[in-house]
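Here is the naming used below: chain letters follow the sequence lines, and residue numbers restart at 1 for every chain.
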Number of protein chains: 2
Amino acid sequence: MLMTRSAARGTATGSSRRAASRDPGREAWALLYELLQRQRRRFFSIAAELGLAPMQAHTLRLLEPETPIPMSEVAEALSCDASNVTGIIDRLESRGLVERRSDPNDRRVRMLIVTRKGAVLRERLVGRLGEPPAEVALLPAADQRTLRDILRKTLGRP
Amino acid sequence: MLMTRSAARGTATGSSRRAASRDPGREAWALLYELLQRQRRRFFSIAAELGLAPMQAHTLRLLEPETPIPMSEVAEALSCDASNVTGIIDRLESRGLVERRSDPNDRRVRMLIVTRKGAVLRERLVGRLGEPPAEVALLPAADQRTLRDILRKTLGRP
DNA sequence: TATTGTTATACTCTATAACTATA
DNA sequence: TATAGTTATAGAGTATAACAATA
């Protein structure tokens, strides 16, 4: 038998529950994880409202207007295989949101750039995603500043 | 033309950049979003190491041993359609990690429960996922406590 | 009639391996 | 030889609609 604990349902953190309350780092991470899970739903629904499949939305977000990037960079940012990027870009391109151009310096690479139409949609996407969700927006201003300062540290931003 | 800004590459936050520095809530959210993106990769690799596809891992995490839950609850927690859960559970069940049981109270519903084997794997999964990533673990203890306290507030945990 | 879960269908995303065209 | 991207393939996840069994 692995566990006889009575399993407090609805918290989903499971076994790290008691450890978390002794270790601030563990509990902070457990809370972060839960906050993170809640935002998944938000991301999917924003993408769907704009008619974008999830990875298409992630990709469009990466493509800043007037800043061509190679497909390899998209694969890296999406942390997926290059062969997937081919398909994702195919779908974005067939909707006229993105264009493939060749790189004069190296004719193997394909540079991606958003079209005018893609930039308009991207602007709506980035605007919606950048809007802080209730969990953050309703925090007192002092807490928002403190949270910002600590998060800067976690990401190594002095 | 939509934007003439010179587009600071590598930050991915894009247009909310300047607004973020004036608005702590926006910047906190932008940082949180980035932290969140970094953890995606971590989640996928932990799941893959344990031989679980992403949604299978999410599902296994929900199933606390000795606590049967209906498929509808899994669909709700995963925020996906019930028809998907059928397939995800089929795959977990075919590997002997999960079992479907009937609910004597309502013979339409199927209760899910992890098998012994499933509980062992789940314990490894939950253990790995619960381990704070470097971004949090390397934070000074005082910051970890502050972060924990603020995150409790965001999730309405007094 | 309404609800739980399944099936059928079609599309998106996924990695692997084999391929092409460049370098 | 090595690299950037494509194609082929097979599997996983997705929503919708039609369906069975039960309430």
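Between the CZ atom of R41(A) and the C1' atom of dT14(D) there is a distance of 15 Å, rounded to whole Å. Taking atom CE of M71(B) as the reference point, atom C1' of dT3(C) lies 14 Å away to the nearest angstrom. Atoms CG (D81(A)) and P (dT6(D)) sit 12 Å apart, rounded to a whole Å. The separation between H58(A) atom NE2 and dC13(C) atom P is 11 Å, rounded to whole Å. The distance between atom CD of E49(A) and atom C1' of dA15(D), rounded to the nearest whole Å, is 16 Å. In this structure, I89(A) atom CD1 and dC13(C) atom P are separated by 10 Å, rounded to whole Å.
Put simply, the side chain of S83(B) never gets that close to the backbone of D81(B): no donor and acceptor are under 3.5 Å apart. Q144(A) places a side-chain N or O within donor-acceptor distance of the main-chain N or O of A137(A), the cut-off being under 3.5 Å. Formation of a donor-acceptor pair under 3.5 Å by the S45(A) side chain with backbone atoms of R42(A) is found in this model. In this structure, R122(B) contributes its side chain and R61(B) its backbone to a donor-acceptor pair below 3.5 Å. The closest donor-acceptor contact from the side chain of W29(B) to the backbone of L129(A) lies under 3.5 Å.
Taking every side-chain heavy atom of P70(A) into account, dG5(D) is the closest of dA15(D), dG5(D), dT6(C).
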What does the list of N/O pairs under 3.5 Å between the protein and nucleotides 10-13 of chain D look like, with a distance for each?
unit_1	atom_1	unit_2	atom_2	d
dG13(D)	OP1	M55(B)	N	3.2
dG13(D)	OP1	Q56(B)	N	3.4
dG13(D)	OP2	R91(B)	NE	2.8
dG13(D)	OP2	R91(B)	NH2	2.6

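Residues D143(B) and K153(A) are paired through a salt bridge, judged by an N-O separation under 4.0 Å between the basic side chain and the carboxylate. Using a cutoff of 4.0 Å between basic side-chain nitrogens and carboxylate oxygens, E34(B) and R157(A) are scored as salt-bridged.
Neither V109(B) nor V74(B) shares a network with the other; the hydrophobic side chains, linked directly or stepwise wherever heavy atoms of I, L, V, M, F, W or Y lie under 4.5 Å apart, form separate groups for each.
If you take CD on E99(A) and CZ on R116(A), they are separated by 11.5 Å, rounding to the nearest 0.5 Å.
Toward the 5' end of DNA chain C, the nearer of the two residues L52(A) and D90(B), judged by each one's closest nucleotide, is D90(B).
Taking 3.5 Å as the limit, the base of dT3(C) and the side chain of S72(B) contain no donor-acceptor pair of atoms between them.
Contacts between residues 95-111 of chain B and DNA chain C, defined by a heavy-atom separation below 4.0 Å, involve R100(B), R108(B), V109(B), R110(B), listed by number.
OP1 or OP2 of dT6(C) sits under 4.0 Å from a side-chain N or O of T86(B).
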